[in-house]
Trainee: 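Structure below; questions to follow.
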There are 2 protein chains.
Amino acid sequence: MAGEFSIIAQFFDRAEARADIELGIGDDAAIINLPAGEQLVITTDTLNAGIHFPDATGPGDIAYKSVMVNLSDLAAMGATPRWLTLSLSMPEPNHDWLRVFSDNLFQALKMHQVALIGGDTTRGPLSLCVTAFGTVKPGTAMRRDSAQIGDVIAVTGTLGDAGLGLQCALHQRALNRIEHTGIVMSRLNRPQARVNEAIALREYCECAIDLSDGLASDLMHILKRSDCSASIDVANLPFSEVLLQECEEDERIALALSAGDDYELCVCIAPEKFEAAQKALRAIGSPLTAIGSITANEEGPEIDWRKSGHPYPNAKRGWEHFV
Amino acid sequence: MAGEFSIIAQFFDRAEARADIELGIGDDAAIINLPAGEQLVITTDTLNAGIHFPDATGPGDIAYKSVMVNLSDLAAMGATPRWLTLSLSMPEPNHDWLRVFSDNLFQALKMHQVALIGGDTTRGPLSLCVTAFGTVKPGTAMRRDSAQIGDVIAVTGTLGDAGLGLQCALHQRALNRIEHTGIVMSRLNRPQARVNEAIALREYCECAIDLSDGLASDLMHILKRSDCSASIDVANLPFSEVLLQECEEDERIALALSAGDDYELCVCIAPEKFEAAQKALRAIGSPLTAIGSITANEEGPEIDWRKSGHPYPNAKRGWEHFV
């Protein structure tokens, strides 16, 4: 059986073209040249088998998703992604598994010209810890604490698809049309970090978060950090054709608010800039949908859920670990 | 039971004094200002319960060691440590455990003025993934590929103590004196990253590695990357009083070569600079012991093990995961 170092050499030490890497895989640490005058943006996320993905998830999906959820965090800051480290724990090294895993890892990295610069491979329950690095020009990051009263709250893409995909993956749900199952499972297992959208949006927007836990939970992070409240009209939430055909209205709203794993961006934009931002996203083939607005606190940060203007009491809290 | 976000707020979001942090814990990612003209050095290491530490290891030791093994990798590059992220997976959040864990984490960080800038807390088998960041002036990093034929090979501190500590921790071994057990268990559970030694050594030295797997295995990484061989005289290996009193000579040599976990530095230094390097370390109270020299390859990278000049056939391979 191959050792740790041969696993790294065989599967993970692939030549990278980035000129900003002084020293990549193979030493005690990597050495990076940051673009002059840019700030470093750092995020890290762990994915554990049975917690963040069902045990039956294939190695290609695991690899792909582990990259994308981290690039999604960089996108939420408006950062240009550049480098990534991977720490992989697995019970036994299996070369077929590693081949598929690493091929898909590099496929996801190449979509956004990100280089794997280091990591480690060790024995343990299946788990991936990815740390991703990007850069922004000083002062241009989209931060959770920068929402302003009156801002339009908007989201990219469509919401709730990954949540329905998880129900399918766990065999809790069969869809009416088999091709729908493939679509929502793909949204669950192959999320697309909104990197290009973020780079377009950062020209117009100072505040963003990515939707990993569901809109209800994730939007509250913005409200707490920015010390404001929000009014959201669920009638404006963007849904895919699949959800429109497969789910009742309340169910798809619940998926959007609390199922998570969509990895769309939720942004707060000054009203006078919203149209230009929407146009900039349209130019790269991506929708941007206004769903509400930032309001002043009454007692503390809260979300006033509405449906076509009327109070909507069914809104649910998003998923939070350990609750 | 507290949720993920309250765990972070209660135990990990402690005010940091570093002026180079633009945005720390609490957003999708951290934002860092790198010192102008310095290169970024990045390393990551995962510690899994039952693999990297015995299941009975206490939370304080786990936290302390997870910081130090990563700072040790930065030290091996000659980098000044600055920031760190922690991804913590645990089966159930236990507040007593988290209190001791986080107190010891920050104790280790403060020893070297390192700031925790982010991470995540999630459910899963007990595992820590730490990514540590430092900086070096361009061209000054100590790299594995920079050994030169004729270099003196030297090590900091004493070797083999942690290996004996592991035998005690696993109840494979009882020492003659009880206070010896405390000393070697402390070497195992509270390793000291040679940060200050590295910063002193980088003036004199272009090539280093930290001893995590044992001298035999770790030195080979230098030899392979630098395309050279080595001659080591085990009679010169530095041992603590504990190992001198508790172990037969061959046993303590075996611990030094293959037990690992010492986190001392192994450096290659031009002979004319060795005395000055040794003096610089003496000035900070740290020994530097010459144990051999870099030689030309005959057939490929190999270590010629000697004892007082004679061939020493008992040298063993270091620990390698999955072998």
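To find a chain, count down the sequence lines: A is the first, B the second, and so on, and within it residues start at 1.
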Trainee: Relative to chain B, which segment of A:Arg143 carries a heavy atom at a distance below 4.5 Å: side chain, backbone, both, or neither?
Mentor: both
Trainee: Examine whether an atom of B:Leu47 lies under 4.5 Å from a heavy atom of chain A, and if so say whether it belongs to the side chain, the backbone or both; otherwise answer neither.
Mentor: neither
Trainee: What distance do A:Trp83 atom CH2 and B:Ile42 atom CD1 have between them, rounded to the nearest 0.5 Å?
Mentor: 7.0 Å
Trainee: Between A:Gly119, A:Ser72, A:Gly118, which residue shows the highest count of heavy-atom pairs closer than 4.5 Å to chain B?
Mentor: A:Gly119
Trainee: Verify salt bridge (Lys or Arg N to Asp or Glu O under 4.0 Å) between A:Asp27 and B:Arg144, making sure each step is shown before the conclusion.
Mentor: CA-CA 6 Å; A:Asp27 211 306; B:Arg144 295 182 182 179; 3.6 Å; yes
Trainee: Is A:Leu128 close to chain B through its backbone or its side chain, or both, or neither, when contacts mean heavy atoms under 4.5 Å?
Mentor: neither
Trainee: Between A:Pro138, A:Gly134, A:Gly26, A:Pro125, which has the largest tally of heavy atom pairs under 4.5 Å with chain B?
Mentor: A:Gly26
Trainee: I'd like to know which of A:Leu86, A:Asp45, A:Thr85, A:Ile222 tops the heavy-atom pair count under 4.5 Å against chain B.
Mentor: A:Asp45
Trainee: With respect to chain B, which residue among A:Ile209, A:Thr43, A:Asp73, A:Leu40 yields the maximal number of heavy-atom pairs within a distance under 4.5 Å?
Mentor: A:Leu40
Trainee: Considering only heavy atoms, which portion of A:Leu34 lies under 4.5 Å from any heavy atom of chain B: side chain, backbone, both, or neither?
Mentor: side chain
Trainee: Below 4.5 Å from any heavy atom of chain B, which atoms of A:Ala132 appear? Answer side chain, backbone, both or neither.
Mentor: neither
Trainee: Side chain, backbone, both or neither: which part of A:Asp28 has a heavy atom under 4.5 Å from chain B?
Mentor: both
Trainee: With a 4.5 Å limit on heavy-atom distance, are the side chains of B:Ile32 and A:Gln39 in contact?
Mentor: no
Trainee: Please indicate whether A:Glu206 has more than 12 foreign heavy atoms, meaning atoms of other residues, nucleotides or ligands, lying under 6.0 Å from its CD.
Mentor: no
Trainee: Can you tell me which portion of A:Ile117 sits under 4.5 Å from chain B's heavy atoms? Options are side chain, backbone, both or neither.
Mentor: side chain
Trainee: Please name the residue in the list A:Ser127, A:Ser87, A:Ser89 that meets the side-chain hydrogen bond (donor to acceptor under 3.5 Å, both in side chains) test with B:Thr46.
Mentor: A:Ser87
Trainee: Quick check on B:Asn48 against chain A: is it the side chain, the backbone, both or neither that has a heavy atom closer than 4.5 Å?
Mentor: side chain
Trainee: Test A:Met77 against B:Ile31 for side chain to side chain contact (heavy atoms under 4.5 Å, CB included), laying out the working first.
Mentor: CA-CA 9 Å; A:Met77 306 299 292; B:Ile31 306 178; 3.8 Å; yes
